[in-house]
Amino acid sequence: MTPTKSLWLDAYLAWIDAWLSTPRNDAHHEDSFMSISEMAAFFDEGSLLQMLDSHILGQIIISFRHQVDSKKVLLGGKVPPSCDETNILTHRYDPRNSCTCSGVYPVPPGCTFESMLQQNQCSAVMRMVEIAIVELVLSNEDEQGHPDTCLGPMPALADIQAPDRRPNLECDTEPSVYHQLYPTNEQVKLLTDAKYFFAIACGGGYCDEGLARAVAEAANDILIADYCEAADGKTLFLLQEVGAAATAFLKLCNLVGVITNWQFDNNVAQVIQFRALGYYRDPSVSRRPRGAYGSRMTGILSHRYIDLAIYYTLLSEASCYINDLIDFRSDIMRKLRENVILRGIRGNLCKYLDRLISACLRVSAKAIKSSPISALVLMGICNWSLMASQHKVYEVFHGARVRKDSSMCEYMSESDDSYQQLLEALAQFDTLGEHGPSVKKRRSDMDLLYHAQRTSPQTHTAWLADSTRSLLEPSNLRKIIDVVHFEWLGETGDVDYCP
């Protein structure tokens, strides 16, 4: 995709403004609606200037909504949307689910998904029946005891500490400045982080900024699924409306051939999958014991296929390692059993984490070598993990201290060839050296640097590669996740904070 760079962003921003300001009104004569081909013609590269005319945009939007309501436009797949859950242009879909039960916990050994449905009245589970995602519903089954370590049994593992997810004034950019550097409609930092440091970053500067922004905001349902219960009604409505507008924009781009059917259909499938997942909230968190222990684990890939809708095996596995390793410490504290790394704990915890670091590096190297798309997505995940306030890499890295009176065991991942394999895979990308990102730098400093470096494909991909090199350097990664030898003693803040 190589359309005119500046005009696409201008056209997209004008489209969003027009969509939000154009009321839904069916009182129009049939003859006043544009045909599908007439609408799509405005999305041809040579016609983009006309997209800046608010009157024309209003006509296109009214006509597009009519064609969708008349089921003449497909929003992914082979059939038009049939309900609010599959029609991603409507804000009538409400993912919030208030469940009054105390959750399915503990799950009896040998319990099946079908028998569980017959024995409980949990509305969160019942809303998931049609999808039947056994991996999530039975996540509390096969509960393990607390693991052993190189230091023997450790009572301290029952009280792991980690910072909350809210922005930190000591290392995050002041909000008014931040939202000028990285503008979004809802201006919620956590959501903006996900868009700019992961979704848009995956373009690596090769994709036009306007199209990259549209792709990021068309995926707003992914953010809604994660944060819907903590977001206020205004933010939720805005996320849904902007997501709908972005999807409509991409559909019209698809109709004129700027975006392929494969790209658009997979984007929509992922959004609908997250709508389904948005129904599931496990109310049993408060009843689980504290600390590090495993539970039901049928495989790292089965869970990640569900959670991220990534179906490339290497990319799915690598993204799971990175995401769940970085969040390992905080997810122990929050009792989040959907963390596959946490659920997979078996045997000696030191050897377990050491083995996973090596596996993470090797699989990441293979994914980067496998294709340019996989490389950009994986590096984008690393950049998001490093720079988003949600993950708190800076705070944990600088706040983790070696436990008193404990000797450090040797991690083989720090001396085997796994990191070298990763460096060799990243050698195709440049480096920014001291001007690039690092786990040691404050996010506020990196915000300013990244804003400048992402303006060209060369410096942008170099930045993403440096994020990967720094975050996944074995000794850096160990300090973040090794809850046996490193403890974090800072303020925990509001543990339940999301947006």
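Source: prediction; values computed, not measured.
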Within this structure, what is the [atom1]-[atom2] distance for the pair [X] and [Y], rounded to the nearest 0.5 Å?
X      : Y      : atom1 : atom2 : value
Asn323 : His391 : CG    : NE2   : 6.0 Å
Leu250 : Leu255 : CG    : CG    : 11.0 Å
Lys366 : Leu378 : NZ    : CG    : 14.0 Å
Leu353 : Cys409 : CG    : SG    : 9.5 Å
Arg329 : Asp482 : CZ    : CG    : 7.5 Å
Leu252 : Phe43  : CG    : CZ    : 4.0 Å

Which pair of heavy atoms, one from [X] and one from [Y], lies closest together, and at what distance?
X      : Y      : value
Thr468 : Cys382 : OG1-CB, 3.6 Å
Phe486 : Ala400 : CB-CB, 4.1 Å
Ser319 : Ile381 : CB-CD1, 3.3 Å
Asp164 : Lys392 : O-CE, 2.9 Å
Tyr293 : Ile345 : N-CD1, 4.0 Å
His435 : Gln453 : O-NE2, 4.1 Å

If you define the side chain from C-beta out and look only at heavy atoms, does anything of [X] sit under 4.5 Å from [Y]?
X      : Y      : result
Asn383 : Met446 : no
Leu157 : His146 : no
Pro163 : Thr492 : no
Val377 : Phe198 : yes
Met379 : Leu426 : yes
Thr459 : Arg454 : no

[X] (side chain) donor-acceptor with [Y] (main chain) under 3.5 angstrom:
X      : Y      : answer
Asn476 : Leu471 : no
Asn254 : Phe264 : no
Arg287 : Tyr105 : yes
Lys440 : Tyr394 : no
Glu473 : Ser475 : yes
Thr461 : Gln458 : yes
Asn220 : Leu239 : yes

Is atom CD1 of Ile373 surrounded by more than 12 heavy atoms (other residues, nucleotides or ligands) closer than 6.0 Å?
-> no
Does atom NZ of Lys441 have more than 12 heavy-atom neighbours, drawn from other residues, nucleotides or ligands, at distances under 6.0 Å?
->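 Enclosed.
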Between Tyr411 and Arg478, is there a cation-pi geometry (under 6.0 Å to ring centre, at most 45° from the normal)?
-> yes
Does Lys195 count as lying over the ring of Tyr182, i.e. NZ or CZ under 6.0 Å from the six-ring centre, within 45 degrees of the axis?
->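 Relative to the ring axis of Tyr182, which defines the angle, Lys195 lies outside at least one limit.
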Is it true that the side chains of [X] and [Y] contain a donor and an acceptor less than 3.5 Å apart?
X      : Y      : answer
Tyr352 : Asp148 : no
Thr313 : Ser316 : no
Asp327 : Asn339 : no
Ser389 : Asp172 : no
Tyr12  : Glu217 : yes
Ser418 : Gln420 : no
Asn140 : Ser284 : yes
Asp354 : Ser413 : yes
His460 : Tyr450 : yes
Asp193 : Trp384 : no
Thr173 : Asp447 : yes
Ser358 : Asp416 : yes

Under the criterion salt bridge (Lys or Arg N to Asp or Glu O under 4.0 Å), which of Arg288, Lys335, Arg337 is the partner of Asp282?
->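 With Asp282 as partner, Arg288, Lys335, Arg337 yield a single salt bridge (Lys or Arg N to Asp or Glu O under 4.0 Å), made by Arg288.
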Might you work through the side chain to side chain donor-acceptor pair (under 3.5 Å) test for Glu424 and Tyr419, ending with a clear yes or no?
-> CA-CA 9 Å; Glu424 290 173 0; Tyr419 185 58; over 6 Å; no
Carefully, step by step, assess Ser139 and Glu141 under the rule side chain to side chain donor-acceptor pair (under 3.5 Å).
-> CA-CA 6 Å; Ser139 64; Glu141 199 259 342; over 6 Å; no
Stepwise, does the side chain to side chain donor-acceptor pair (under 3.5 Å) test hold for Asp466 with Thr431?
-> CA-CA 6 Å; Asp466 283 340; Thr431 177; 2.8 Å; yes
